[in-house]
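Below is one structure, written out as structure tokens; the observations come after it.
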Amino acid sequence: MTKEKKQPFNSYIKAYEDTAFLKSDAVRSVRLQLELLKPEVILHQAGIKEGVVCFGSARIRPEKESLKRIADIKKQIKQSPSKPALKHRLKEAEGLLKLAKYYDCARKFGELVIKKGKNRFAVVTGGGPGIMEAANRGAYESGGKSIGFNITLPMEQFPNKYITKGLAFLFHYFAIRKMHLVMRSRAVVVFPGGYGTFDEMFEILTLVQTGKKSKIPVILVGKEFWNGIFNIHKVAEYGVISKEDQFHVVETAEEAWDIIAKHYKIK
């Protein structure tokens, strides 16, 4: 079977108007530059220079919604008791219920950043549901700047409704999205989450450790969750990280804000 040849580009279209050409592999480097530049221009126009970045699971919902989901799944199990997938979904839903309080915590934290920070910082998230929505919501409802850096995924994701108009961005490349999450960050607050949250957290810790990013507060919210997953003190005992490479672990929005306020001498 012979390999099908790609159709040549239409030569008589201006390069910047040729969508097929712009989406081709040959122009990937230009797309990367554009994806870095466009949000930078918009954020500069909006006068946004500093942000507090919040990471966390897209699956964590308020307690009321979590309880409803559990009730719905239990109803499905009664109707189809032989389906093991439903029991697995119930276990997941019950686990997420334990974390539902952090939706309210992230919402409160977003509020504190705006009110206590006197609008110095924007609240920045990945722009999706769950913890991201909660932090954006707290900032939005407090009248502050609420930014969302959304990304295209195989399972379609949409920006939450608590992002300031004109400050919801859509990315294709994770790497460029991460750059924007870090570039203006003056603190990073990490709520319970999964692989994506871990990835973002460890990346910022690495950037700070290596001096690629200036030292900023990195705060993990949820003592039981984080202490149960990471024994960071044990890692330090082996000498692969130093004491100064560690982070703060707190339980409340107020504790998280107090660390930021102390670092930046905000009264």
Side-chain angles (χ1 to χ4, degrees), residues 16 30-56 106-152 157-191 200-201 203-204 207-208 211-219 221 253-254 256-267:
Y16 60 83
V30 176
R31 292 198 303 274
L32 285 161
Q33 291 177 54
L34 290 172
E35 195 153 281
L36 178 63
L37 183 60
K38 182 181 176 181
E40 184 70 13
V41 170
I42 293 171
L43 290 169
H44 178 75
Q45 290 173 342
I48 295 169
K49 298 178 181 178
E50 298 182 299
V52 173
V53 179
C54 298
F55 296 135
R107 182 179 175 184
K108 179 65 179 178
F109 178 73
E111 176 188 330
L112 290 172
V113 170
I114 301 305
K115 291 184 176 179
K116 296 284 188 179
K118 300 173 184 176
N119 280 306
R120 171 177 171 176
F121 306 110
V123 170
V124 185
T125 78
I131 290 295
M132 295 173 282
E133 174 190 289
N136 282 136
R137 184 176 182 177
Y140 183 86
E141 292 174 337
S142 300
K145 293 291 176 64
S146 176
I147 300 172
F149 291 133
N150 218 223
I151 191 161
T152 52
Q157 179 178 283
F158 299 97
N160 66 68
K161 63 182 180 180
Y162 299 105
I163 299 170
T164 301
K165 186 178 180 180
L167 296 180
F169 299 91
L170 182 60
F171 291 84
H172 176 76
Y173 298 104
F174 268 108
I176 303 301
R177 177 179 181 248
K178 285 180 178 179
M179 285 189 70
H180 277 290
L181 283 166
V182 172
M183 284 165 64
R184 282 159 291 275
S185 63
R186 297 298 178 264
V188 172
V189 180
V190 191
F191 294 85
E200 291 160 339
M201 178 185 71
E203 179 143 14
I204 191 69
L207 291 170
V208 171
K212 294 291 186 180
K213 175 70 178 174
S214 59
K215 287 193 178 296
I216 59 173
V218 179
I219 306 160
V221 180
E254 289 80 5
W257 170 253
D258 286 346
I259 291 169
I260 296 169
K262 183 178 179 180
H263 184 86
Y264 292 104
K265 298 179 172 60
I266 299 171
K267 294 181 180 180

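FYI, side chains are in, hydrogens and waters are out, and symmetry mates aren't considered; it's all heavy atoms of this structure.
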Side chain of [X], backbone of [Y]: donor and acceptor closer than 3.5 Å?
X: Asn160; Y: Gly128; value: yes
X: Thr125; Y: Gly148; value: no
X: Arg184; Y: Val182; value: no
X: Ser142; Y: Lys115; value: no
X: Glu35; Y: Tyr173; value: yes
X: Asn136; Y: Val124; value: no

Any heavy-atom pair between the side chains of [Y] and [X] that's under 4.5 Å?
X: Lys178; Y: Glu203; value: yes
X: Lys215; Y: His263; value: no
X: Ile131; Y: Phe109; value: no
X: Leu36; Y: His180; value: yes
X: Ile260; Y: Leu112; value: no
X: Met183; Y: Leu43; value: no
X: Arg137; Y: Tyr140; value: no
X: Asn119; Y: Ile114; value: yes

Do the rings of Phe149 and Phe171 sit parallel, tilted or perpendicular, given the 30° and 60° boundaries? perpendicular
[atom2] on [Y] to [atom1] on [X], rounded to 0.5 Å:
X: Lys165; Y: Leu167; atom1: NZ; atom2: CG; answer: 11.5 Å
X: Phe174; Y: Thr152; atom1: CZ; atom2: OG1; answer: 8.0 Å
X: Arg177; Y: Glu200; atom1: CZ; atom2: CD; answer: 5.5 Å
X: Ile42; Y: Leu37; atom1: CD1; atom2: CG; answer: 9.5 Å
X: Lys118; Y: Lys267; atom1: NZ; atom2: NZ; answer: 10.0 Å
X: Ile176; Y: Glu40; atom1: CD1; atom2: CD; answer: 11.5 Å

To check you understand the geometry: which heavy-atom pair defines the closest contact between [X] and [Y], and what is its length?
X: Lys108; Y: Ala253; result: CG-CB, 3.8 Å
X: Lys116; Y: Ile266; result: O-CG2, 3.7 Å
X: Ser185; Y: Ile204; result: OG-CD1, 4.5 Å
X: Arg186; Y: Ile216; result: O-CB, 3.5 Å

Count the heavy atoms belonging to other residues, nucleotides or ligands that lie under 6.0 Å from NZ of Lys213, then report whether that count exceeds 12.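 More than 12 heavy atoms, drawn from other residues, nucleotides or ligands, come within 6.0 Å of this atom.
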Side chain to side chain contact (heavy atoms under 4.5 Å, CB included) between Tyr162 and Val123, worked out: CA-CA 11 Å; Tyr162 299 105; Val123 170; over 6 Å; no
